Protein chains: 2
Amino acid sequence: MSNVKALPLLEPDVDPAVEPCCPPLTERPLTAEEAVRTAAMFKALGDPVRLRLFSSVASHQGGEACVCDISDVGVSQPTVSHHLKKLKEAGLLTSERRGTWVYYRVAPSVLAAMARMLGQYAP
Amino acid sequence: MSNVKALPLLEPDVDPAVEPCCPPLTERPLTAEEAVRTAAMFKALGDPVRLRLFSSVASHQGGEACVCDISDVGVSQPTVSHHLKKLKEAGLLTSERRGTWVYYRVAPSVLAAMARMLGQYAP
DNA sequence: CGTCTATGTTGACACATGTCGAACCAGCCG
DNA sequence: CGGCTGGTTCGACATGTGTCAACATAGACG
């Protein structure tokens, strides 16, 4: 589904510089630049609220969820919006407004990149 | 030593409270407690210096490295020690002193747990 | 014992981050 | 049109975090 070619590489709002990034962590030491890019992805999932939000979107039926469906994570609604924005900036989520509601869905490529870096340990 | 027989997941040979934790992120929304534990693992890899240190240990010949071999990451030596401690607290590294040097090695079970949570996206 | 090297710990500080209330925008609907 | 609901942005604050210099500890070695 991500075959859309709309990749504004200059916008600081969305950061699509999260392409297939780095080799498995066991292959060789990461360079400084690789580490910065990769750490940003892990950092985005390094907060409990963000992790719950992401998991809610990822496990939602249809692969997408509107904010109203996932915003019961114990924090205020502006905070939910703030975390969703962070996840979007990290390239892990995409958002789309349809009528009244805003729907979020996962960006599979970034997750695949992260899994690949840890994949050497997965049997 | 090993008292676990019922769980076919992973052998808990690491001392911290990081055991086989959570289902894949796509399976269901994480609970608050699961999210706290899991986010701590991702958070540990969410810093560029820590990621480089971890990658250096993971890719080092023999699966272990002494601090003197990996401390060339652009920060001072106390900072390296600080980050290694963080990685150890997160359950991603273990340390052992042999004579003058301290050797670090990866804890495979925690990495496997992280990879399993993202594994649904790996092609 | 004393000293040297290799790591870890402490204290301090600048900066990033998570959080909330209030204000603000975007569509629906009476 | 004017209000209503869903969602984002803003401003402010407290807390967390990365960093370093200085000091402390653990072995090796003379």
Side-chain angles (χ1 to χ4, degrees), chain A residues 11-15 30 32 35-54 56-57 60 64-90 92-105, chain B residues 15-16 30 32 35-57 60 64-90 92-105:
Chain A
E11 280 302 302
D13 185 15
V14 190
D15 186 6
L30 294 181
V36 168
R37 290 177 54 193
T38 308
M41 311 191 308
F42 285 105
K43 193 176 188 177
L45 293 182
D47 179 87
V49 175
R50 279 198 293 272
L51 202 51
R52 289 186 76 189
L53 289 172
F54 182 86
S56 294
V57 173
H60 205 264
E64 68 177 14
C66 108
V67 182
C68 54
D69 290 328
I70 60 177
S71 49
D72 64 343
V73 286
V75 294
S76 71
Q77 211 256 341
T79 303
V80 169
S81 190
H82 165 73
H83 284 304
L84 288 174
K85 185 179 180 180
K86 288 270 187 137
L87 287 168
K88 208 166 66 172
E89 287 172 357
L92 276 73
L93 290 181
T94 61
S95 68
E96 177 196 2
R97 170 163 224 130
R98 289 205 300 273
T100 306
W101 296 278
V102 177
Y103 292 88
Y104 281 82
R105 52 171 57 239
Chain B
D15 43 294
L30 294 181
V36 168
R37 290 178 53 193
T38 309
M41 310 191 307
F42 285 104
K43 193 176 189 178
L45 293 181
D47 179 87
V49 175
R50 278 199 294 273
L51 203 50
R52 289 186 76 188
L53 288 171
F54 182 85
S55 177
S56 295
V57 173
H60 205 264
E64 68 177 13
C66 105
V67 182
C68 54
D69 290 329
I70 61 177
S71 50
D72 181 20
V73 287
V75 294
S76 69
Q77 185 266 329
T79 303
V80 169
S81 189
H82 165 74
H83 284 304
L84 288 173
K85 185 180 181 180
K86 288 268 187 137
L87 287 168
K88 208 168 66 173
E89 287 172 357
L92 277 74
L93 290 182
T94 61
S95 68
E96 177 196 1
R97 172 164 224 132
R98 288 204 301 273
T100 307
W101 296 278
V102 177
Y103 292 89
Y104 282 81
R105 53 172 56 240

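Because the structure is predicted, anything quoted here is derived from the model rather than measured. Throughout, a chain's letter reflects where its sequence line sits, starting with A, and its residues are numbered from 1.
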Separation of atom [atom1] in [X] from atom [atom2] in [N], rounded to whole Å:
X	N	atom1	atom2	value
Arg98(B)	dA26(D)	CZ	C1'	16 Å
Lys85(A)	dG7(D)	NZ	C1'	13 Å
Asp72(A)	dG7(D)	CG	P	13 Å
Glu96(A)	dG7(D)	CD	P	14 Å
Ile70(A)	dG7(D)	CD1	C1'	12 Å

### Summary
Note: chain B reaches DNA chain C at heavy-atom distances under 4.0 Å over the stretch, first to last nt, 5' to 3', of dA6(C) to dT9(C)
As an exercise, state the distance from [atom1] of [X] to [atom2] of [Y], rounded to the nearest 0.5 Å.
X	Y	atom1	atom2	result
Leu87(B)	His82(B)	CG	NE2	10.0 Å
His83(B)	Arg52(B)	NE2	CZ	11.5 Å
Asp69(A)	His60(A)	CG	NE2	4.0 Å
Cys68(B)	Gln77(B)	SG	CD	11.0 Å
Leu92(B)	Leu84(B)	CG	CG	11.5 Å
Leu51(A)	Phe42(B)	CG	CZ	6.5 Å

### Task
Check whether any side-chain heavy atom of Tyr104(B) lies under 4.5 Å from a side-chain heavy atom of Lys88(B), and answer yes or no.
yes
### Query
Side-chain contact, heavy-atom cut-off 4.5 Å: Arg37(B) with Met41(B)?
no
### Task
Can you see which heavy atom on Pro48(A) is nearest to which on Ala39(B), and at what distance?
N-CB, 3.5 Å
### Query
Taking for each residue the nucleotide of DNA chain C with the nearest heavy atom, is it Gly46(A) or Arg97(A) whose nucleotide lies nearer the 5' end?
Gly46(A)
### Task
Tell me what Ser81(A) touches on the nucleic acid: a base, only sugar-phosphate, or nothing, going by heavy atoms under 4.0 Å.
base
### Task
Describe the nucleic acid contact of Arg50(A) in one word from base, sugar-phosphate, nothing, applying a heavy-atom distance below 4.0 Å.
sugar-phosphate
### Task
Taking only the side-chain nitrogens and oxygens of Tyr103(A), find out if one of them lies under 4.0 Å from OP1 or OP2 of dG6(D).
no
For nucleotides 19-24 of chain D, which of its nitrogen or oxygen atoms have a protein nitrogen or oxygen under 3.5 Å away, and what is each distance?
from, atom 1, to, atom 2, distance (Å)
dT19(D), OP2, His83(B), NE2, 2.5
dC20(D), OP2, Ser76(B), N, 2.7
dC20(D), OP2, Ser76(B), OG, 2.9
dC20(D), OP2, Thr79(B), OG1, 2.8

